[in-house]
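Below is one structure, written out as structure tokens; the observations come after it.
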2 protein chains.
Amino acid sequence: MLISELAGRSQTPLATVKFYLREGVLMPGRSTSATRAEYGDEHVRRVLIIRALIDRVGLSIHQCKEVFAAIDNPHPSLFETLGHAIAALPPKPAPLEDTPRARAVIEALGQIYEPRYPAVTQLELALRDAEDAGMPLDPERLAVYGQHMREIARYELSRAPSEQDDVIEYSVLGTALGEPILAALRRLAHQDLAARAYGSPPSALPGER
Amino acid sequence: MLISELAGRSQTPLATVKFYLREGVLMPGRSTSATRAEYGDEHVRRVLIIRALIDRVGLSIHQCKEVFAAIDNPHPSLFETLGHAIAALPPKPAPLEDTPRARAVIEALGQIYEPRYPAVTQLELALRDAEDAGMPLDPERLAVYGQHMREIARYELSRAPSEQDDVIEYSVLGTALGEPILAALRRLAHQDLAARAYGSPPSALPGER
């Protein structure tokens with residue numbers, strides 16, 4: 001298809017598609033003449049992913065580039081490629097000298113981890129915040145959290161596609177798009193359980209304001 | 001204690017403590033003279049919570065006011081008070097006309113819910129984003145997510161304090177501070193499972209860049 005059709009099929013302004021091409025996050029089409037190129041379904045899909053990452057997840061075009069650099073120039077190891085792609089997602093906390101709280105939690109869970117992975121810093125900061133707020137998390141609670149998140153992760157991995165390129169896309173999008181879904185489901189579960197525990201009708205909730 | 005000691009014990013600049021008082025998020029102390037007031041441990045705790053909400057969770061002072069207005073002026077029903085306090089936390093999406101995806105999910109989970117609760121909109125938007133990115137969530141996946149988040153919520157409720165004021169504080173802080181912890185744990189579980197599935201040493205991860 002021509003670039004105009006690519007724009008149409010991805011419901012994206014032509015100027016935006018051209019911008020993605022110039023920035024190198026959208027791979028070039030197959031040149032058919034000096035001024036024309038042919039695009040395929042993989043381009044439509046890529047445009048949709050770029051828009052999801054920028055418009056929904058809130059990535060900058062620069063962060064998007066990092067994600068696709070990892071996807072388009074894979075390391076020999078899928079594990080490394082995945083690590084680089086997911087490390088490009090927010091939040092990207094500045095590395096800490098040490099992450100004792102996070103290390104203790106991950107080791108108690110018996111998990112393999114790379115200490116310099118951004119999620120380790122993210123966990124350390126979040127645990128410190130909870131302490132600072134006077135609400136530290138005890139080992140039992142962390143074990144419960146860790147176990148359920150691991151079950152979720154295990155399910156997600158069991159459903160991963162078999163093609164390497166697709167695995168990376170699946171992991172990056174699944175990580176980024178799954179977080180708000182899980183957070184919303186937790187809040188909704190609280191509401192349901194609170195309604196049952198405190199016996200109030202759900203007709204009296206915030207929406208009425 | 002005097003306000004200077006309150007500032008010292010909460011490790012917060014005196015000017016900031018005075019700002020919280022002026023804004024009404026910190027309750028006034030007990031007046032002992034025209035220019036002096038006496039503060040207690042509950043004030044230290046409140047300052048720490050305000051700072052957690054502003055500095056860590058990213059609430060504005062205005063959003064903070066909404067949270068504490070719900071806590072300090074409780075409705076007769078604990079359920080309603082909780083709903084108002086948690087609805088003041090981000091994200092606060094603009095209400096949608098209809099939320100068919102979210103409703104289908106919550107109803108499949110058999111949960112009580114108030115359709116105008118912000119988390120319903122949050123879920124609807126996140127599900128729509130996943131669809132737009134070409135990665136819709138099927139009912140099986142949503143059932144797995146819903147079940148684990150419900151188990152987490154159930155554990156959290158089982159550990160809630162017995163005093164009404166404390167329940168609200170616990171719920172607001174637990175909701176806000178727990179989300180980044182759960183997100184980090186999910187990413188770390190992915191790393192562990194990927195290391196096992198794809199057999200790569202964790203020494204080759206992003207931190208090396």
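As the structure is a prediction and not an experimental result, all values here were calculated from the model. Reminder, nothing fancy here: chain letters follow the sequence lines and each chain counts from 1.
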Original post:
In terms of heavy-atom pairs under 4.5 Å with chain B, which of A:Asp55, A:Leu173, A:Thr121, A:Ile49 leads?
Top reply: A:Leu173
**OP:** Count the heavy atoms of every other residue, nucleotide or ligand shown that sit under 6.0 Å from CD of A:Glu107, and state whether that count exceeds 12.
**Re:** yes
**OP:** Could you look at B:Leu89 and say if it's the side chain, the backbone, both or neither that has a heavy atom under 4.5 Å from chain A?
**Re:** both
**OP:** Side chain from CB out, backbone as N, CA, C, O: work out which of these in B:Leu157 comes under 4.5 Å of a heavy atom of chain A, or both, or neither.
**Re:** side chain
Subject >> Contact class of B:Leu193 relative to chain A, heavy atoms under 4.5 angstrom >> reply: both
Subject >> Part of B:Val105 within contact of chain A (heavy atom distance under 4.5 Å) >> reply: side chain
Original post:
What do you reckon, is CD of B:Glu42 surrounded by more than 12 foreign heavy atoms closer than 6.0 Å?
Top reply: yes
**OP:** Please test B:Arg150 against A:Asp192 for side-chain contact (heavy atoms from CB on, under 4.5 Å), starting from the C-alpha separation and ending with a verdict.
**Re:** CA-CA 9 Å; B:Arg150 193 179 164 85; A:Asp192 171 67; 2.4 Å; yes
**OP:** Name the member of B:Val47, B:Asp129, B:Val44, B:Ile86 that forms the most heavy-atom pairs with chain A at distances under 4.5 Å.
**Re:** B:Asp129
Subject >> Proximal to chain A - members of residues 4-19 of chain B, heavy-atom separation under 4.5 Å >> reply: none
**OP:** Please flag which part of B:Tyr145 lies under 4.5 Å from any non-hydrogen atom of chain A: side chain, backbone, both or neither.
**Re:** both
Subject >> Pick from B:Ala70, B:Ala176, B:Gly134, B:Ala160 with the largest number of heavy-atom pairs that fall under 4.5 Å of chain A >> reply: B:Gly134
Original post:
Once you round to the nearest 0.5 Å, how far does CG of B:Leu185 lie from CG of A:Leu142?
Top reply: 7.0 Å
Original post:
Rounded to the nearest 0.5 Å, how far does CD1 of B:Ile152 lie from CZ of A:Arg186?
Top reply: 7.5 Å
Original post:
Would you find a donor on one side and an acceptor on the other, under 3.5 Å apart, between the side chain of B:Arg45 and the backbone of A:Ala133?
Top reply: yes
**OP:** State, with a plain yes or no, whether a side-chain heavy atom of B:Tyr155 is found less than 4.5 Å away from one of A:His148.
**Re:** no
Original post:
Tell me, side chain or backbone of B:Leu109 under 4.5 Å from chain A's heavy atoms, or both, or neither?
Top reply: side chain
**OP:** For each of B:Ala153, B:Ser171, B:Ala52, tally heavy-atom pairs with chain A at distances under 4.5 Å, and name the one with the top tally.
**Re:** B:Ala153
**OP:** Find the one option among A:Pro91, A:Gly174, A:Ala130 whose heavy-atom pairs under 4.5 Å with chain B are most numerous.
**Re:** A:Gly174
